[in-house]
J.: 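Let me begin by handing over the structure; questions about it come next.
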Amino acid sequence: MFPANAKPIIVFDLDGTLVDTAPDLLDSLNHCLNISGLQSADPVSLRRFVGQGGRTMIERAFAAQQKQIDDVMLDHLVEEFRDHYAAHIPGQSVFFPGLIDTLDRLATNGYELAVCTNKFEALSLRLLKAMGEAHRFAAICGADTFAYRKPDPRHLTDTIMQAGGNPHRAVMVGDSRTDIDTAKAAGIPVVAVDFGYTDLPVHHYEPSRVISHYDEFTLEMVEELMEAATDRV
């Protein structure tokens, strides 16, 4: 049960939603591919690999080159990826345009903020701390925070509970099918950004709304989505 004074909450995915991490993810992925004797990936193909964490990214990159990878090698490359990525944080990563003003606006109007990502928790926290904004989020939950991760809806609902938010007054913001499927399974409205990392345009996955810039993430839209969700309960 959530606290009686729980705030309405906005939960963000991280890579491709809050932060444009593509250059650094690509560098770390290519480090793993290069030490494995494979060709480097390019920025366009990277968008097909991101969404469920480093492990899945590596698996997809190998599959794209018709290469097999066993669990032992995959475990090794996941560690290589994590170490390489951590050593270069924050690298070239930047917040998407309009994001900081949006976070300010939400906080000023009484919304709790949280992060629910399939990036490892320690890397997520390290990145947001390095970029000077970790303090904004009541919870930063990664792929290893719980015993499950997106698209399991419990990853989202437990993030909300850890942040002290109200799950009946919540909105998810993401950039991929994984985020959209997670929110739908949790019964929570989801706003998809169309500038993130996805194999198909996000409107194909039928989110509650699609935005192209954070200037479009208005308080009016948030309230409308939350009220519509409450009416369905």
Side-chain angles (χ1 to χ4, degrees), residues 12-94 115-131 134 140-156 158-159 174-182 185 195-202 204-205:
F12 295 87
D13 174 51
L14 183 52
D15 296 313
T17 300
L18 284 176
V19 184
D20 184 2
T21 52
D24 302 308
L25 293 174
L26 184 62
D27 283 348
S28 296
L29 176 61
N30 282 335
H31 167 71
C32 293
L33 295 177
N34 293 338
I35 64 175
S36 303
L38 273 63
Q39 296 178 358
S40 296
D42 58 52
V44 174
S45 62
L46 175 72
R47 292 177 179 271
R48 302 198 309 271
F49 304 150
V50 181
Q52 297 188 38
R55 188 179 190 87
T56 301
M57 193 186 310
I58 294 167
E59 288 179 312
R60 290 175 175 174
F62 267 70
Q65 298 188 38
Q66 291 81 50
K67 299 295 184 181
Q68 299 292 322
I69 182 170
D70 60 35
D71 288 342
V72 174
M73 184 177 183
L74 182 56
D75 288 344
H76 169 68
L77 290 180
V78 169
E79 288 301 317
E80 283 283 347
F81 181 94
R82 186 191 301 191
D83 291 346
H84 184 275
Y85 183 80
H88 296 85
I89 287 176
Q92 302 176 63
S93 295
V94 295
V115 173
C116 179
T117 174
N118 277 339
K119 186 194 289 291
F120 289 112
E121 180 183 322
L123 292 179
S124 304
L125 186 58
R126 183 168 176 175
L127 174 62
L128 290 170
K129 281 184 175 179
M131 298 181 76
I140 299 172
C141 299
D144 53 340
T145 303
F146 310 112
Y148 31 79
R149 64 178 189 171
K150 298 182 297 185
D152 190 314
R154 294 174 296 175
H155 193 177
L156 174 55
D158 282 8
T159 296
D175 69 311
S176 70
R177 180 176 184 173
T178 300
D179 300 314
I180 295 167
D181 287 350
T182 302
F195 44 74
Y197 316 143
T198 179
D199 51 349
L200 292 175
V202 287
H204 285 282
Y205 305 120

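Heavy atoms only: backbone and side chains are in, while hydrogens, waters and symmetry mates are out.
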J.: With rounding to the nearest 0.5 angstrom, report the NE2 to CG distance, His76 to Asp70.
T.: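 CG of Asp70 is found 11.5 Å from NE2 of His76.
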J.: Taking all non-hydrogen atoms of both residues, which atom of Phe62 and which atom of Gln68 are closest, and how far apart?
T.: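 Heavy-atom minimum between the residues: CD2-O, 3.8 Å.
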J.: Of all the heavy-atom pairs spanning Pro90 and Met131, show the shortest one and how long it is.
T.: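 Residues Pro90 and Met131, closest heavy atoms: CB-CG, 4.0 Å.
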J.: Taking only Lys NZ, Arg NE, NH1 and NH2, and the carboxylate oxygens of Asp or Glu, determine whether Arg154 and Asp158 approach each other closer than 4.0 Å.
T.: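 No salt bridge links Arg154 with Asp158.
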J.: Return the minimal non-hydrogen interatomic distance between Val202 and Ser176, and the atom names on each side.
T.: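 Looking at all heavy atoms of both residues, the shortest contact is CG1-N, 4.4 Å.
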J.: Pick one: which of Arg149, His155, Glu121 meets side chain to side chain contact (heavy atoms under 4.5 Å, CB included) with Cys141?
T.: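 Exactly one option meets the side chain to side chain contact (heavy atoms under 4.5 Å, CB included) with Cys141, and it is His155.
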J.: Any non-hydrogen side-chain atom of Asn118 less than 4.5 Å from a side-chain atom of Thr56?
T.: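 SC-SC contact between Asn118 and Thr56 ruled out.
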J.: Side-chain contact, heavy-atom cut-off 4.5 Å: Leu25 with Lys119?
T.: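 With C-beta onward as the side chain, the pair touches.
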J.: Roughly how far apart are Met73 CE and Ser36 OG, rounded to 0.5 Å?
T.: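 Taking CE in Met73 and OG in Ser36, the distance rounds to 3.5 Å.
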J.: Within the distance-only criterion (no hydrogens, no angle test), does the side chain of Tyr197 pair as donor or acceptor with the backbone N or O of Asp15 below 3.5 angstrom?
T.: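 The answer is no, because no donor-acceptor pair under 3.5 Å joins these two groups.
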J.: Can you tell me how far apart CD1 (Ile140) and CG (Leu128) are? Round to the nearest 0.5 Å.
T.: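 It comes to 5.0 Å.
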J.: Write down the atom of Pro151, the atom of Asp181, and the distance for their closest heavy-atom approach.
T.: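 Closest heavy-atom pair between Pro151 and Asp181: CB-CB, 4.5 Å.
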J.: Answer yes or no: are there more than 12 heavy-atom neighbours, outside Gln65 itself, under 6.0 Å from its atom CD?
T.: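 Yes, the 6.0 Å shell around CD holds more than 12 heavy atoms from other groups.
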J.: Working to the nearest 0.5 angstrom, can you tell me the gap between Leu29 CG and Leu77 CG?
T.: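 Here the interatomic distance stands at 9.5 Å.
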J.: Give the minimum heavy-atom separation between Leu74 and Ile58, together with the two atoms involved.
T.: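 For Leu74 and Ile58, the tightest heavy-atom pair comes out as CD1-CG2, 3.8 Å.
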J.: Arg55 side chain to Val78 main-chain N or O, any donor-acceptor pair under 3.5 Å?
T.: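 Answer holds: no.
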J.: Main chain of Thr17, side chain of Asp175: is a donor-acceptor contact present, judged purely on distance under 3.5 Å?
T.: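 It does not hold such a pair.
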J.: Is any side-chain heavy atom of Asp13 less than 4.5 Å from a side-chain heavy atom of Lys150?
T.: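 SC-SC contact between Asp13 and Lys150 confirmed.
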J.: Tell me if a side-chain donor or acceptor on Asp24 pairs with a main-chain N or O of His88 at a distance below 3.5 Å.
T.: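 Such a contact is absent between Asp24 side chain and His88 backbone.
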J.: Mind checking the NZ-CD spacing from Lys67 to Gln39? Nearest 0.5 Å is all I need.
T.: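 Output value for this atom pair is 9.0 Å.
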J.: Verify whether one side chain among Thr182 and Asp179 offers a donor that lies under 3.5 Å from an acceptor in the other.
T.: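 Note: Thr182 and Asp179 side chains miss the donor-acceptor criterion.
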J.: Could you tell me the separation between the OG atom of Ser28 and the CG atom of Leu33, rounded to the nearest 0.5 Å?
T.: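 Going from OG on Ser28 over to CG on Leu33, the span is 11.0 Å.
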J.: Which heavy atom of Ser40 sits nearest a heavy atom of Asn34, and at what distance?
T.: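 It is OG-OD1, 3.1 Å.
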J.: Can you check whether Gly142's main-chain N or O pairs, donor with acceptor, with Thr145's side chain at less than 3.5 Å?
T.: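 Yes; judged by distance alone, with no hydrogens or angles, the pair exists.
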J.: Which is it for Asp152 and Phe146 under the side-chain contact (heavy atoms from CB on, under 4.5 Å) test, yes or no, and what are the steps along the way?
T.: CA-CA 11 Å; Asp152 190 314; Phe146 310 112; over 6 Å; no
